[in-house]
Amino acid sequence: MSPMYFSFSSAFILGLMGLAFNRSHLLSALLCLEGMMLTMFIAIATWSMTLNSTSSFIIPMILLTFSACEASAGLAILVATSRTHGSDNLQNLNLLQC
């Protein structure tokens with residue numbers, strides 16, 4: 001296993017573990033998701049650079065676009081829940097109740 005592959009895998013797994021084990025605040029969950037998406041972006045960008053193909057250079061840009069859309073939707077949900085519930089604490093949220 002190359003050191004680059006190990007660092008990308010460990011960064012992604014660290015973000016996944018943070019998302020799985022740290023469920024106290026919505027903002028920390030969103031930050032873990034962003035870390036996972038940035039790790040995937042860097043890994044796919046380096047992969048497309050090693051291929052030396054012009055058709056694979058668009059894939060990281062598409063992933064970065066989806067990451068920006070995910071971040072804006074997450075921040076909109078964060079603002080909406082903090083306005084209605086007073087905080088972003090996930091234990092206080094009841095998803096079955098409107």
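We count residues from 1, following the sequence as given.
Hydrophobic clustering (ILVMFWY, side-chain heavy atoms < 4.5 Å, transitive): Phe8 and Met40 are in one cluster. One hydrophobic cluster, built from ILVMFWY side chains closer than 4.5 Å, cannot hold both Leu31 and Val79; they sit in different ones. With hydrophobic clusters built from ILVMFWY side chains whose heavy atoms lie under 4.5 angstrom apart, Leu14 does not share a cluster with Leu27. With hydrophobic clusters built from ILVMFWY side chains whose heavy atoms lie under 4.5 angstrom apart, Ile59 shares a cluster with Met36.
Between the OG atom of Ser82 and the CG atom of Asn89 there is a distance of 12.5 Å, given to the nearest 0.5 Å. From Phe12, atom CZ reaches atom OG1 of Thr39 across 8.0 Å, with rounding to the nearest 0.5 Å. Distance check, rounded to the nearest 0.5 Å: CG of Leu16 to SG of Cys32 gives 9.0 Å. Considering CE of Met37 and CZ of Phe41, their distance stands at 10.5 Å, rounded to 0.5 Å. Here the straight-line distance linking atom CZ of Arg83 with atom CG of Leu78 works out to 11.0 Å at 0.5 Å rounding.
Judged by distance alone, with hydrogens and angles left aside, the side-chain atoms of Ser9 form no donor-acceptor pair with the main-chain N or O of Phe6 at under 3.5 Å.
Between Leu33 and Leu19, the shortest heavy-atom distance links the atoms CD2-CD2, 3.8 Å.
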Residues 44-52, side-chain donor-acceptor partners within the protein, below 3.5 Å, at least two apart:
unit_1 : atom_1 : unit_2 : atom_2 : d
Thr46  : OG1    : Ile42  : O      : 3.1
Thr46  : OG1    : Ala43  : O      : 2.9
Ser48  : OG     : Ile44  : O      : 3.3
Ser48  : OG     : Ala45  : O      : 2.9
Thr50  : OG1    : Thr46  : O      : 3.4
Thr50  : OG1    : Trp47  : O      : 2.7

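Taking a 6.0 Å sphere around CZ of Phe66, one finds it holds 12 or fewer heavy atoms contributed by other residues, nucleotides or ligands.
Through chains of ILVMFWY side-chain contacts below 4.5 Å, Met17 is grouped with Ile13, Phe21.
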